[in-house]
**Q** 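Sharing a structure below in structure tokens format, with a few things to ask.
Naming convention: chains lettered A, B, ... in sequence-line order (proteins, then strands); numbering from 1 in each chain.
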Number of protein chains: 2
Amino acid sequence: MKIQNITIKDIAKALDLSYSTVSRALKGSYKISEPVRNKVIAYANEHNYRPNLLAQSLKNKNSRCIGVVLCNIPNSFFAEVISGIESVAYTKNYLVIITQSHESYEREIQALENLTWRSIDGLLISLSTETSDCSHIAALHAKGLPVVFFDRVSEDFKTHLVKADNEGGAYDLTNHLLHQGYRRIAQITSPAHLSITQERIAGYKKALSEAGQPIDESLIKYCEHGGMLFEEIETAVSELFDSGNPPDAIFAASDRLTLGTLSILKKMGKSIPGDIGMAGFSNFSEPELFEPALTTIKQPAFEMGKTAAELLIQLIESKRPVTEFEKKVFPTELKARASTNRKISVAY
Amino acid sequence: MKIQNITIKDIAKALDLSYSTVSRALKGSYKISEPVRNKVIAYANEHNYRPNLLAQSLKNKNSRCIGVVLCNIPNSFFAEVISGIESVAYTKNYLVIITQSHESYEREIQALENLTWRSIDGLLISLSTETSDCSHIAALHAKGLPVVFFDRVSEDFKTHLVKADNEGGAYDLTNHLLHQGYRRIAQITSPAHLSITQERIAGYKKALSEAGQPIDESLIKYCEHGGMLFEEIETAVSELFDSGNPPDAIFAASDRLTLGTLSILKKMGKSIPGDIGMAGFSNFSEPELFEPALTTIKQPAFEMGKTAAELLIQLIESKRPVTEFEKKVFPTELKARASTNRKISVAY
DNA sequence: TTTATCTGGGCAAACGTGTGCACAGATTAA
DNA sequence: TTAATCTGTGCACACGTTTGCCCAGATAAA
């Protein structure tokens with residue numbers, strides 16, 4: 001921007017002081033006499049002095065920016081996470097730069113390059129569905145860039161992790177479906193290499209096992225693009241129904257998959273929850289407005305964003321290298337609604 | 001970031017050249033001989049040289065960042081706008097910094113201060129509901145900051161405007177409701193001082209007038225916070241129904257108002273579209289999933305973001321001061337669905 | 001041969017801050 | 001009175017780039 005702001009030099013000239021005196025008076029760092037300091041501060045306030053962040057960053061090799069890489073912004077879950085991140089960054093005076101990977105490994109790498117080129121002090125990242133190898137992130141981390149994983153995490157290297165209790169959420173939801181009398185419960189989910197997928201499948205299988213139900217791997221459908229392509233959800237659903245032994249309930253493992261599946265079931269004319277039960281992970285704000293009102297597992301997205309940002313800033317501002325890392329796991333919340341309400345509570 | 005990148009100085013030392021020669025060779029700007037230039041470029045590529053953007057910005061007084069101020073990210077409309085902005089910025093190599101006003105005038109000012117402090121090259125802004133006076137933006141514009149308004153625009157000063165055809169959209173929707181046989185059509189809308197509100201009311205009134213219907217100002221309810229407070233929507237709805245002469249259809253003027261109103265009507269046990277017709281401006285991705293499937297006016301949000309970003313970058317990169325400004329108006333799209341389907345087409 | 005022009009490249013200052021060092025004057029200790 | 005210490009301030013360089021100006025050597029013109 002071409003807007004001319006007042007600089008330290010201007011103040012120095014006006015008060016007939018050296019640059020360094022002004023700088024030190026403003027920072028309050030060094031031995032500057034009271035009268036001089038007050039004079040400088042008064043002048044600075046009066047003329048609305050704002051230090052030039054670019055110059056400070058160049059000098060100090062920090063930028064007070066944190067970079068965020070996530071899949072895409074319109075997704076309800078991530079939109080809420082962003083709000084959480086911003087709420088912390090705002091008070092700590094960091095700027096948040098958001099980039100989207102659009103579930104693509106290549107774009108994730110580009111986003112990361114762009115961010116590091118722009119000088120960020122730290123990175124918050126949720127892996128894209130295509131990402132199975134984290135060496136691009138590990139390399140930055142090894143060079144000293146503080147990193148916090150959230151949501152879709154990796155344990156390829158040690159750092160703070162912030163995630164939902166995906167296993168617990170999937171367990172709760174599967175149990176709920178079982179209690180409602182559903183028996184052949186399918187899961188439509190993200191690629192198998194993602195942490196969230198593994199955990200959500202683990203919870204699902206755990207609930208089934210505990211209930212003495214068989215586990216049928218053909219009921220688990222992986223969408224390689226996490227539902228970015230509508231057709232992959234369609235394929236998954238039709239495979240389930242064309243199998244000769246269709247499910248009586250579907251559990252979708254993400255926001256997009258949930259909405260996509262619901263949409264397809266309605267198009268197929270399935271009656272929910274009669275013909276088939278339907279539920280999923282979703283942070284959409286008004287799931288009760290759907291037909292039928294949708295049973296969801298909701299993640300505390302805002303809190304997760306907040307915590308991730310707090311941990312990251314703590315990492316950035318730590319004087320000593322941090323060696324003890326935290327793994328924050330947030331409970332999920334099951335909201336049972338009409339879409340799984342068979343009104344038959346079966347004992348087993 | 002503490003990551004040490006290779007600098008021009010490193011290249012200069014390695015090749016035994018001066019800094020300036022290296023700089024000029026890389027920029028391709030000045031008289032540098034072929035062999036020297038090639039040598040420099042080869043070395044730079046080999047060692048993965050990236051110019052330090054902070055230093056460049058400091059020197060050139062531009063930052064290759066554009067600032068965006070909007071109400072809030074989780075809103076479907078704005079989330080799509082952001083995607084549009086990013087798609088352009090990405091190819092033109094600008095970074096997008098998104099800030100939220102949360103519909104507050106004060107936070108809008110803070111966001112703006114933060115952005116300018118951070119050095120942005122241009123600004124995209126959609127006014128908060130509380131903003132009636134644009135002098136804070138005009139001041140920046142007067143200082144030379146390129147500004148493009150989108151969505152909620154102001155004509156306080158001359159610049160590019162990007163908006164939807166709000167009047168046309170409201171006209172179409174009102175007409176649709178009239179054709180469906182609704183007669184007492186209410187509008188729940190944003191504060192009266194906003195451009196979008198005025199236009200949406202104008203279209204609504206125009207359709208009513210043309211149909212020979214009376215205009216009842218008591219059917220227009222303004223939500224001072226644009227629906228950020230759920231209670232204000234509740235108040236608006238209950239006032240409509242408690243008036244003794246309730247509406248037979250409600251037209252909500254924004255994403256949040258639409259979802260909020262629908263939610264309240266359902267809680268009240270109203271039958272839609274029987275008791276009351278319901279429709280609104282909304283960019284939610286799957287309105288057909290609602291109960292009932294929701295009639296919407298959809299704005300081309302992605303296109304709007306794209307165009308706004310293009311105009312802004314054009315402004316930023318223009319050599320001469322621009323004096324001719326454009327006003328881009330995008331058509332909206334009416335999607336009639338069950339929530340307004342009375343199945344009685346009344347001639348009038 | 002001398003002078004003017006061109007070509008390629010280096011010097012150094014600048015953008016706005018931060019900071020190690022030096023130094024003048026005042027105070028204290030010997 | 002002299003030496004040691006403390007206090008407050010200024011000088012100058014650094015961060016990484018960019019750019020106006022200058023200059024050495026080569027070439028062309030006179």
Side-chain angles (χ1 to χ4, degrees), chain A residues 1-41 43-44 47-65 93 116-121 144, chain B residues 1-41 43-44 47-65 93 116-121 144:
Chain A
M1 189 166 53
K2 295 104 196 168
I3 297 177
Q4 208 67 316
N5 269 317
I6 184 175
T7 74
I8 278 191
K9 296 194 179 184
D10 297 326
I11 300 181
K13 274 176 205 152
L15 301 181
D16 199 28
L17 292 167
S18 73
Y19 309 157
S20 37
T21 304
V22 175
S23 172
R24 291 197 257 249
L26 290 171
K27 297 238 88 171
S29 60
Y30 220 54
K31 37 184 184 178
I32 298 291
S33 65
E34 277 301 301
V36 173
R37 172 185 307 174
N38 291 339
K39 194 169 65 172
V40 171
I41 291 178
Y43 189 92
H47 292 75
N48 199 21
Y49 168 77
R50 282 308 195 86
N52 182 314
L53 285 182
L54 271 64
Q56 281 187 330
S57 298
L58 180 60
K59 184 68 190 173
N60 300 338
K61 301 198 175 306
N62 73 327
S63 58
R64 294 203 83 76
C65 289
N93 211 3
T116 52
W117 182 31
R118 298 266 176 188
S119 307
I120 52 170
D121 290 347
Chain B
M1 188 166 54
K2 295 103 198 172
I3 297 178
Q4 208 66 316
N5 269 317
I6 184 175
T7 75
I8 277 192
K9 296 193 177 182
D10 297 327
I11 300 180
K13 272 176 206 151
L15 301 181
D16 199 27
L17 292 167
S18 74
Y19 310 158
S20 39
T21 305
V22 175
S23 171
R24 291 198 256 250
L26 291 170
K27 299 238 87 171
S29 59
Y30 217 58
K31 37 181 186 182
I32 297 292
S33 66
E34 276 301 300
V36 172
R37 170 184 309 174
N38 290 339
K39 197 168 63 173
V40 170
I41 291 177
Y43 189 93
H47 291 76
N48 199 22
Y49 167 76
R50 282 308 194 88
N52 182 314
L53 286 183
L54 273 67
Q56 279 188 330
S57 299
L58 182 60
K59 186 67 189 171
N60 300 338
K61 302 197 174 305
N62 73 327
S63 59
R64 294 204 82 78
C65 288
N93 211 3
T116 52
W117 183 31
R118 298 264 176 190
S119 307
I120 52 171
D121 290 348

**Q** Only counting residues at least two apart or in another chain, list the ones meeting side chain to side chain contact (heavy atoms under 4.5 Å, CB included) with Asn38(A).
**A** Glu34(A)
**Q** Output the distance between atom CG (Leu26(B)) and atom CD1 (Ile11(B)), rounded to the nearest 0.5 Å.
**A** 5.5 Å
**Q** Have a look at Leu17(B) and say if it touches a base, only the backbone sugar-phosphate, or nothing, with a 4.0 Å heavy-atom cut-off.
**A** sugar-phosphate
**Q** Report yes if at least one side-chain N or O of Thr7(A) is closer than 4.0 Å to OP1 or OP2 of dG16(C); otherwise report no.
**A** no
**Q** dT19(D), dG16(D), dC11(D): which one has an atom nearest the side-chain heavy atoms of Arg24(B)?
**A** dT19(D)
**Q** Of Ser18(B) and Asn60(B), whose closest DNA chain C nucleotide lies nearer the 5' terminus?
**A** Ser18(B)
**Q** Taking the side chain of Pro51(B) as its heavy atoms from C-beta onward, which of dT17(D), dC11(C), dG16(C) lies nearest to it?
**A** dT17(D)
**Q** May I ask you to verify whether the side chain of Ser20(B) and the base of dC11(C) hold a donor-acceptor pair under 3.5 Å?
**A** yes
**Q** Of the candidate nucleotides dG9(C), dG10(D), dG18(C), which contains the atom at the shortest distance from the side chain of Thr21(B)?
**A** dG9(C)
**Q** Looking at dC11(D), dG18(C), dG16(D), which one has an atom nearest to any side-chain atom of Leu58(A)?
**A** dG16(D)
**Q** Would you mind telling me which residue lines up with the more 5' stretch of DNA chain C, Ala55(A) or Glu34(B), judged by nearest nucleotide?
**A** Glu34(B)
**Q** With a 4.0 Å limit, can you tell me whether Lys61(A) has a side-chain N or O closer than that to the phosphate oxygens OP1/OP2 of dA14(D)?
**A** no
